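These figures come from a predicted structure and were not determined experimentally. For the numbers below, each heavy atom of this structure counts, side chains included, while hydrogens, waters and symmetry mates do not. Just so we're on the same page: letters track the sequence lines, and every chain starts at 1.
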Number of protein chains: 2
Amino acid sequence: MTYLPPAAAYAHIKNYLKEGLSAGRWPPGTLMPSESELVTQFSVSRMTANRAVRELQAEGLVERVQGVGTFATQPYRASSTLTIRDLHDEITERGHRHRSEVHLARAEAVSETLAQRMGLPAGSEVFHTLIVHSENGVPLLCEDRYVNPARAPDYLSVDFTRTTPTNYLLTVAPLWEAQYSIEAQLPTAEEAQLLGVKPSEPCLIVVRRTESQGSPITLARLVHPGSRYTIEGSFKP
Amino acid sequence: MTYLPPAAAYAHIKNYLKEGLSAGRWPPGTLMPSESELVTQFSVSRMTANRAVRELQAEGLVERVQGVGTFATQPYRASSTLTIRDLHDEITERGHRHRSEVHLARAEAVSETLAQRMGLPAGSEVFHTLIVHSENGVPLLCEDRYVNPARAPDYLSVDFTRTTPTNYLLTVAPLWEAQYSIEAQLPTAEEAQLLGVKPSEPCLIVVRRTESQGSPITLARLVHPGSRYTIEGSFKP
DNA sequence: CAGTGGTCTAGACCACTCG
DNA sequence: GAGTGGTCTAGACCACTGT
């Protein structure tokens with residue numbers, strides 16, 4: 001979106017509708033102008049009006065029902081774009097030094113519960129890594145990760161002091177889907193020791209499971225010391 | 001998107017490009033097919049090819065540069081849609097009972113630091129509420145909130161045992177922008193007491209600042225007991 | 001200059017929903 | 001049947017980038 005001749009017509013229409021929504025005309029659930037109304041009101045072709053409304057739909061501001069009309073949405077779903085970044089990039093972008101310590105990297109037989117959580121057949125093998133990431137020498141993340149060998153057969157041969165599992169897995173299987181949970185917990189004794197924090201230090205724990213095209217890729221438990229790490233973000237509707 | 005005649009042409013093209021990206025053709029940064037190439041390859045009009053590529057751009061899968069071409073993106077930005085839900089809806093959707101206890105609701109003069117954090121002029125007044133939300137009688141959230149009176153003059157007269165501040169503020173000022181941070185911390189002594197947890201219990205703390213059209217709306221500190229609450233979500237690229 | 005993306009038009013056909 | 005959204009076309013003009 002670099003080309004903005006004083007203003008594109010579809011953008012005009014989008015603005016008009018957005019401001020109207022913001023101002024409370026068209027309360028949630030009410031009918032909004034139809035495409036043909038916009039066509040006459042703004043003297044544009046239908047494709048242009050359509051694009052404006054379709055983009056609002058993609059942004060979640062309106063709902064459209066074929067044969068019926070366009071409706072303002074209940075905006076409590078204020079969805080946002082949470083950017084999951086690779087910790088390595090985050091650190092180096094701050095101009096700091098990132099280092100990884102690999103404490104474990106091996107193949108294991110899956111336990112029953114793990115097989116279930118990952119969606120793997122019982123009795124199969126998984127790759128298991130335990131890596132501590134630090135920023136300028138300060139431990140920032142303890143990453144306990146299981147990987148589906150079928151999706152990343154060379155995983156164990158990767159040098160994780162040079163790249164991160166996240167980064168590597170993105171090259172092997174881009175375009176994934178993920179479920180995550182974020183919670184506050186005390187670390188396990190081992191995690192506390194690896195991170196160099198007291199066992200009583202609250203930690204921010206992200207559990208993330210990713211899959212691609214229906215088959216699981218990885219399950220990771222990311223433990224951050226609460227005193228050293230926060231997730232930040234912003235969103236616009 | 002209810003109407004899918006066997007398959008829309010633009011969707012065909014999107015799929016073709018997505019699968020190619022997923023398969024590793026067009027590694028990150030490389031040039032992708034131009035619109036005119038897609039036009040001949042798929043026998044469609046340029047508008048149709050354009051729509052396919054434009055939607056991929058909106059999804060963050062490609063970058064486009066006018067006069068140059070379309071490029072595959074570095075996918076480490078795996079952006080997602082984090083849905084900020086109203087706790088009341090979340091609880092009632094589980095079939096449980098939500099109750100709010102209002103511990104504080106008054107106007108105050110802003111402190112200097114608060115004025116700065118909210119982006120308000122020093123010396124002005126703000127509304128301040130402190131509400132504890134519980135699910136089936138168990139405290140789940142301690143909500144400490146400051147509100148800009150200019151944006152919600154009737155805020156203090158709202159009955160917060162019947163609606164939530166989030167809900168009310170959405171009706172007053174829809175379409176907002178927000179910055180948030182998520183961290184793990186110990187609660188303050190007051191918060192621990194209000195939530196009925198030990199002061200040593202890790203808490204998930206979300207600090208959210210919202211504004212709309214450049215003027216601040218509210219600043220909230222949401223404290224959840226770590227043992228009772230997790231943020232969950234999923235995303236697809 | 002040729003090639004790219006950014007936008008727009010004036011039609012068109014279709015599927016769906018409602019009265 | 002009238003009105004809605006969903007899609008598509010075959011052109012067009014423009015701005016930008018490279019060589």
Side-chain angles (χ1 to χ4, degrees), chain A residues 1-18 20-21 25-74, chain B residues 1-18 20-21 25-74:
Chain A
M1 296 246 188
T2 56
Y3 169 48
L4 302 186
Y10 82 91
H12 263 141
I13 303 178
K14 272 181 74 174
N15 269 341
Y16 164 75
L17 294 173
K18 272 194 179 183
L21 285 167
R25 192 175 357 173
W26 314 308
T30 57
L31 190 61
M32 298 189 55
S34 72
E35 293 188 357
S36 59
E37 283 172 326
L38 295 172
V39 163
T40 63
Q41 181 174 347
F42 288 89
S43 305
V44 295
S45 77
R46 209 193 124 203
M47 277 300 275
T48 302
N50 175 274
R51 175 169 175 185
V53 183
R54 185 156 36 79
E55 292 194 0
L56 289 182
Q57 180 187 29
E59 294 171 25
L61 296 181
V62 304
E63 278 167 6
R64 318 194 73 186
V65 183
Q66 189 173 140
V68 182
T70 302
F71 301 87
T73 56
Q74 305 285 345
Chain B
M1 295 246 186
T2 55
Y3 170 45
L4 303 186
Y10 82 91
H12 263 142
I13 302 178
K14 273 182 74 174
N15 270 339
Y16 164 75
L17 295 173
K18 272 194 178 182
L21 286 167
R25 192 171 3 170
W26 314 307
T30 58
L31 190 61
M32 297 188 57
S34 72
E35 293 188 358
S36 59
E37 284 172 324
L38 294 172
V39 163
T40 62
Q41 182 175 344
F42 288 90
S43 306
V44 295
S45 76
R46 208 192 125 204
M47 277 301 273
T48 303
N50 175 273
R51 174 169 176 184
V53 183
R54 185 157 37 79
E55 292 195 359
L56 289 183
Q57 180 187 29
E59 294 171 25
L61 296 180
V62 304
E63 279 167 6
R64 317 194 73 186
V65 184
Q66 188 173 141
V68 184
T70 302
F71 302 88
T73 55
Q74 306 284 347

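- B:Leu56 places its CG atom 13 Å from the P atom of C:dG6, with the value rounded to the nearest Å.
- Among the nucleotides C:dT7, C:dG5, D:dG6, the one closest to the side chain of B:Thr70 is C:dG5.
- Note on A:Glu59 versus A:Arg54: no salt bridge recorded, every NZ/NE/NH1/NH2 to OD/OE distance being 4.0 Å or above.
- For the pair B:Thr70 (side chain) and B:Met32 (backbone), a donor-acceptor distance under 3.5 Å is absent.
- Mapping B:Met32 and A:Val68 onto DNA chain C by nearest heavy atom places B:Met32 at the nucleotide closer to the 5' end.
- Residue B:Ser34 has no polar side-chain atom (N or O) positioned under 4.0 Å from OP1 or OP2 of C:dG3.
- Atom CD of B:Gln66 is separated from atom P of D:dC16 by 6 Å (rounded to the nearest Å).
- The interatomic distance linking A:Glu35 (CD) with D:dT7 (P) rounds to 10 Å, in whole Å.
- Between A:Glu37 atom CD and D:dG3 atom P the separation is 11 Å, expressed in whole Å.
- The side chain to side chain contact (heavy atoms under 4.5 Å, CB included) check on A:Arg25 picks up A:Tyr16, with sequence neighbours excluded.
- For the salt bridge (Lys or Arg N to Asp or Glu O under 4.0 Å) with B:Glu55, the lone residue among B:Lys14, B:Arg64, B:Lys18 that qualifies is B:Lys14.
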Anything under 3.5 Å between a protein N or O and an N or O of nucleotides 8-10 of chain D, put it in a table, one pair a line.
residue: D:dC8; atom: OP1; partner: B:Ala9; partner atom: N; Å: 2.1
residue: D:dC8; atom: OP2; partner: B:Tyr10; partner atom: N; Å: 3.4
residue: D:dT9; atom: OP2; partner: B:Ser45; partner atom: N; Å: 2.7
residue: D:dT9; atom: OP2; partner: B:Ser45; partner atom: OG; Å: 3.1
residue: D:dT9; atom: OP2; partner: B:Thr48; partner atom: OG1; Å: 2.6

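- For the pair B:Glu35 and B:Arg51, the salt-bridge criterion is not met [side-chain N within less than 4.0 Å of a carboxylate O].
- Residue B:Val65 is in sugar-phosphate contact alone, with no base atom involved, counting any heavy-atom pair closer than 4.0 Å across all strands shown.
- The distance between atom CG of B:Asn50 and atom P of D:dC14, rounded to the nearest whole Å, is 18 Å.
- Between A:Glu63 atom CD and D:dT4 atom P there is a gap of 19 Å when expressed in whole angstrom units.
- At whole-Å resolution of the value, CG in B:Leu31 and P in D:dT17 are 16 Å apart.
- A:Ala72 approaches A:Leu21 most closely through the heavy-atom pair CB-CD2, 3.6 Å.
- When the C1' atom of D:dG6 is taken as reference, atom CD of A:Glu55 falls 16 Å away, rounded to whole Å.
- Between the NE2 atom of A:His12 and the OG1 atom of A:Thr48 there is a distance of 13.0 Å, given to the nearest 0.5 Å.
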